[in-house]
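What follows is a set of notes on a single structure, which appears directly below.
Predicted model, so just to flag it, every value in this text is computed and none were measured. Chain naming here is simple, since letters A, B, ... match the order of the sequence lines and numbering starts at 1 in each.
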Amino acid sequence: MIADHLPVLVVVLPLVGAVATLLAGWADRRLCFPIAMATTVIQFCISLVLLSQVMQTGPLHYNLGNWLPPWGIEYVIDQLNGFVLAVILFLCVLSCLYANRSILSEIDEKKIPAFYTVLLLLVTGVCGIAVTGDLFNLYVFLEISSLAAYALVAIGREKRALISSFTYLVMGSVSACFILLGIGHLYIVTGTLNMADLARVLPPLYGSTVVQTAFIFFIIGLSIKTALFPLHLWLPDAYRYSPSAVTVLLSTIVSKIGVYALIRILFSVFTPSFIIIDIPVMEVFCWLAAAAIIGGSVIAIAQTDLKRMLAYSSVSQMGYILLGIGIADSIAVTGGILHILNHAVMKGCLFMIAGAFIYTSGIRSIEDLRGIARTMPLTAAAFVIAAASMIGIPPTVGFMSKWFIALGALESGQWIFVLVILASSLLTAVYFWKVIEYMYFREPVPACGEAITSARDPPAGMLAPILVLAAACVLFGIFVSIPLEIIVPFVTGILGGT
Amino acid sequence: MKLWALVSVLLVGLLLLWAEGDIPSFGDASAPSYNYVADRYITDAYNDTATKNMVTAILADYRGYDTLGELTVIFTAGVVVLLLLRRGGRL
Amino acid sequence: MDQTSVLPVLAICIPAVAAALILIFRNRPVIRESWTILASFATLACVLSMLPLVFSGTEPYAALFPILPGLSLSFRADAFALIFALTSSGLWVMNSFYSIGYMRAHHGENLARYFFCFAVAISAALGVAFSADLLTMFIFYEILTLSTYPLVVHAETEEARMAGRKYLAYLLTAGIFFLLSVLITYYLTGGTAFAAGGILTGHGSALLMTILFITFLIGFAKAAWIPLHSWLPSAMVAPTPVSALLHAVAVVKAGVFGIARVVFYVFGIDMVSALGLGLLLACIASFTIIVASMMALTQDNLKKRLAYSTVSQLSYILLGVALLTPSGIIAALIHIPFHAFMKITLFFAAGSIIVMTGIENISEMKGIGRRMPITMLMFAIGAIGVCGLPPVCGIITKWYLALGAIEAGQLVFLAVILTSSILNVLYFFPIISTAFFEKPDADTGIHEAPLFMLVPLTITGICSVLLFLFPDWPFLNLVTMAESVITGSVMP
Amino acid sequence: MIETLVPGLFLRYNYYMAIIIMLIGLYAMIAKGNLMKKIIGLNIFQTAIFLFYISSSDIIGGTAPILTTDPATVYVNPLPHVLILTAIVVAVSTTAVGLALAIRIYEAYGTIEEDELIALEAKE
Amino acid sequence: MKQDVVIRTVCRLVVPFIQLFALYVIIHGASSAGGGFQGGVIFASAFILIGIAFGVADARKRISEKCTVLFSACGLGIYAGIGILCIVFGGNFLGYSFLPLPLPVPEIRGLAAEAVEIGIGITVMAVMTSLFFDIAVDEEAV
């Protein structure tokens, strides 16, 4: 019986968990972490079950309140949802585990219950976005996740975090408003909010300026959410000043769900024929993504702060995903979707490591990391693996998505993007190698000597997620056919054969 | 900053104006939004839910899940403001 | 004939496993180093065990799981691969002993990292050798780049770091071009598996093929052709065993091996000659041979001089490949092991001198031959070999190369070979004469290096001579087998 | 475009009003340096969108969507009302969080002017 | 302003009526304009009025911090609980018609909607109150 209701339970569970955490935190703060952890773990299991169901029987539909789709709200889970949901919840479990230790040093102890509550609310929002088949419902859950994200950025002790959070809030709200406008325009000309229904009703209206405007609003709105190049200004500060565990969540979960929403709207609400033929926006979109790939990397090279460098690197890497999607060739889209997993794994690992450095030695600056590999060997080794993956050294995951996106660009005859992707690998190598060189091949500077020599690998609770993700960087690279088996049917479904 | 604001505002404005040409006119009863999903709500809401107020019927029943989400939003806001501003007391 | 076999994978895995074990026992030097030695012997045994199979006409083949749709991680131990694999695994045994001796004498630090990276690099070199398709080769090629970087920067001095950066800048950029070439190949043909006679025939215009050929050449910057050579002399800041094995054998040979693979097994002789690309490659190679030899003349630092010599010698191989004639191919392939033996001897000798005296410059080596007679004797053997004089194996290469040039009707290249031989003599003989015939400035109590270093050095020196006397087994046999497959006189 | 705009001006004046308000809000959000004014701009923007939705639901001669006894009654479209009820709550929540942040920023820095904040940050 | 007797007296008089009206709006949401949100906000405005007239500290005595948190969780709990209850009785999430009540289906739905509205009202009231109290700077505290 329960099995039929998993699509909704995966969203309601963290909601209930959030309330429970809040109330439990009243009694005893130590109860919060187990509740949050248990919630995410159960969710992750649910997502795996859902994924296997989808793979066996095709898309799952769930009518909330037993109302049929265009009238009620519908949950739809297909391969893309299932995949994204599983990826996100995998990272949630690890981030939650990581947060247990790392957050203690970064926020006031009495804020811990609220932290876990907001974390679970974030998960609620994100999962809601992932499974919904209704546009307005997507907006509502987008707001839940956004509000939670603003709060998590501001939760730390640094006062600069408040400004970052405010900027994030303003940008996020503009983005939400644009999405709301997009939904409004679509609703006015079609009368429905259900995604599948819209996809059915829209084709005769493709010439309408309203539909095209709606499309542009969706693109702009979600581009802000995913920090596409000229709209990325909120991102570096938000990543830099939030507590480490939060940075991990932002970079792996919040940004990925934005991309998911974009894919969903591009390919499931509007059809590929619309985005490729009827409206030349995608051309611009691809160029912006290419600018993000190069620009993000170039700015990252100039950074002295590790977390900020990783943040700019995120801008660049999100560019890969968006480029893959923007090219709208089946192979490139496969690569783009694959990069959702890959980037989540790599960047999650890297931000966790950056957090571990701060936790054990208090060092944030790249230059001060000299010689830290000697005292934190495992962490440093994980960094090397994740960095190699970011650069795209085979057989890590980063290589695989680059391969697909570049191949897709090649196949659609867009040589310039192939060169962009390859050139960016080099730029990525420049800024990651700088860090590796400092970590391994230099003596500590006197000012930080004490901090470096007394540093140790972080406690198991933090180290375990780092190592799991580092291992995932390699394993998913070698066994890339596992995620591909999920992605390819989806891409084939919307774009035709591969 | 001001210049950028003006440029982006003008761009958005132009986009919106461009779109409004194809929008059904104000108060048009033949608009698609009125005749598809909403139509069913208007005709069946009372039979389905025994609620005279269609807005309530949709809010709490047809699209009740949205409302749950909305409640979660406001709950989130409550917790967040609590988290950000409460200085002394326990949560 | 293919025969599914685990041997090629095993040969790659043994060093990799050893690397892991080295990491686990990182704090116990004796156990750690015995793993290295054990693994080097095991790898050699594994490679040797494939020899009879290959000679009997079966090629051990292994395809692991698919990494990408239609692309498996696949390995094939054909005669061509075994030439390179045998060279690197055989010399690894020598180098393991030498490394231990060198590092002990040098009081090196971070030895666990050193031996770990060494093992990984060997594993990657074997991977490059055995890979049966471009993608697999690319994967191991990149691993080779990364794993040798820590070895270059081992000293952790500013100079070493600069060299390391240069090393990465060149090789990673090259890797990008390699990747681009692999992508284009895959896009054009839908696969990347090597096949004698080429896979690209009929897939694209002449212009595209020319561009692809050039991107491949840039991709194999490990072959150190001019102007993509300058990473190699810089990398000489690495400990000498690293220079010896990696920068004279594994890494650079991976580059030329890759070029040979691509020319013969991706483009195919017919296409390369039809498009005139052989001539292009031959010109690059000739230019490199002459210019690098001249550069070597100007170096006073012994290791740098050897490095430029390596650059020049690698282009012998490229020249042989570019001639596209049977004798040229034989010359190219046979030079892979021969040059390796000679050059490793030279580097071992140079390393011994550095360890025992601290001298790196040739001008300071007056009379050193009297203090370290065996070392310098072996050095002389290596030098004679590189110059192409009997009784060392280098002359065999030159002979075939000259034959190839004549076969191809390109007498210009014959002139190049002769000029280069003269240049070789010019830059090697001063060293020997300085070492043996000049009087030392003062009696500094220098003596021979410890046995751990001296024995490997002697063995490789003697091997260089033996290979002249008995070139057939196994190398020349393998080479002729590979040559007949490539030219198509025997179907595989 | 002109031909469609001029009659459109009368047929769709509701939308044009909403757009003007929207643009005012958006401009305030981007151009104003005071964090409070940014929040106010956000509110104006959001309210204009609500106006946009709500006015789209209107039907000439329609009455509030509450069932009356008269079967001939024309009701306006209830769905945008529901959506906007939700959106209002979202807007309120966003505003509350924004205000809370602004208060915290004021406590931490003593100002809510963006340029002053930037100057303060640069000093540190 | 706190000392102003007129304001305090009027406030004391008006607050019960405001609260009563709020309850009316919540309950009558089904048949006339109104509903949980509107009612909840009106209810909260009563507390806000007290806060303005008597000071935040005083208002806190009427509805404590603990209360607001508990109420907001409680309202959400009612809503989600009803949804889950529907699953327990074999429907989909929020499928009210499956609730085992001895009434015709539309009536059950209407009743459940009413219950849900009450949940909404409680949460909105609690959160709005707490938002105001948190954001308002307490004069005495400063």
Side-chain angles (χ1 to χ4, degrees), chain A residues 8 12 15 18-19 22 25-26 64-65 67 70-73 75 110-115 117-118 121-122 124-125 128 132 134 136-137 140-141 143-144 147-148 150-151 154-155 162 165 178 181 185 187-194 197 201 205 207-214 216-217 220, chain B residues 4 8-9 11-12 14-26 28 30-41 43-45 48-49 57-58 60-91:
Chain A
V8 71
V12 173
L15 179 57
V19 176
L22 188 65
W26 233 334
L64 287 151
W67 293 109
W71 293 281
I73 291 167
Y75 268 5
K110 62 173 189 260
K111 286 183 176 172
I112 285 175
F115 169 76
T117 310
V118 177
L121 286 168
L122 177 75
T124 312
T132 191
D134 188 279
F136 196 80
N137 200 240
V140 172
F141 279 90
E143 280 297 324
I144 298 176
L147 283 181
Y150 308 147
I155 203 171
L162 296 167
S165 171
F178 280 168
L181 268 177
H185 279 89
Y187 176 72
I188 286 176
V189 288
T190 61
T192 177
L193 292 165
N194 186 283
D197 207 31
V201 178
L205 297 169
S208 157
T209 57
V210 186
V211 175
Q212 293 175 0
T213 305
I216 294 172
F217 274 124
I220 301 177
Chain B
W4 278 113
S8 49
V9 163
L11 282 177
V12 173
L14 280 177
L15 186 63
L16 281 163
L17 282 178
W18 180 62
E20 303 326 298
D22 278 5
I23 280 188
S25 55
F26 183 51
D28 183 3
S30 65
S33 58
Y34 189 61
N35 294 305
Y36 180 31
V37 175
D39 191 44
R40 148 98 194 249
Y41 291 146
T43 47
D44 289 353
D48 281 344
T49 65
I58 300 171
D61 199 345
Y62 290 102
R63 296 186 68 86
Y65 193 69
D66 260 358
T67 312
L68 178 62
E70 171 189 3
L71 212 57
T72 314
V73 171
I74 196 161
F75 178 72
T76 311
V79 176
V80 167
V81 173
L82 212 71
L83 179 66
L84 288 176
L85 287 180
R86 193 143 306 178
R87 291 127 192 148
R90 300 179 71 177
L91 182 74

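- Taking chain B as the reference chain and counting heavy-atom pairs below 4.5 Å, the highest number among A:Asn194, A:Asp197, A:Thr132 is found for A:Asp197.
- When each of A:Leu122, A:Asp134, A:Val12, A:Val118 is scored by its heavy-atom pairs under 4.5 Å with chain B, the top score falls to A:Asp134.
- With respect to chain B, the highest number of heavy-atom pairs below 4.5 Å among A:Val140, A:Thr124, A:Ile220, A:Asn137 belongs to A:Asn137.
- Remark: A:Ala154 engages A:Leu162, A:Ser165, B:Leu84, D:Leu101 in a side-chain contact (heavy atoms from CB on, under 4.5 Å) (not counting sequence neighbours).
- Residues that satisfy the salt bridge (Lys or Arg N to Asp or Glu O under 4.0 Å) test with B:Asp22, not counting sequence neighbours, are absent from this structure.
- Proximity to chain A is absent for every atom of B:Asn35, based on heavy atoms less than 4.5 angstrom apart.
- In this structure, the portions of A:Leu147 lying under 4.5 Å from any heavy atom of chain B include both its backbone and its side chain.
- B:Ile58 does not touch chain A: none of its heavy atoms, backbone or side chain, sits under 4.5 Å away.
- Without hydrogens or angle criteria, A:Thr209 side chain to B:Trp18 main chain gives a donor-acceptor distance under 3.5 Å.
- For A:Ile216, the part sitting under 4.5 Å from any heavy atom of chain B is the side chain, from C-beta outward, and nothing else.
- Of the two parts of A:Leu205, neither the backbone nor the side chain holds a non-hydrogen atom closer than 4.5 Å to a non-hydrogen atom of chain B.
- Using cut-offs of 30° and 60° on the angle between ring planes, the pair B:Tyr65 and A:Tyr75 is perpendicular.
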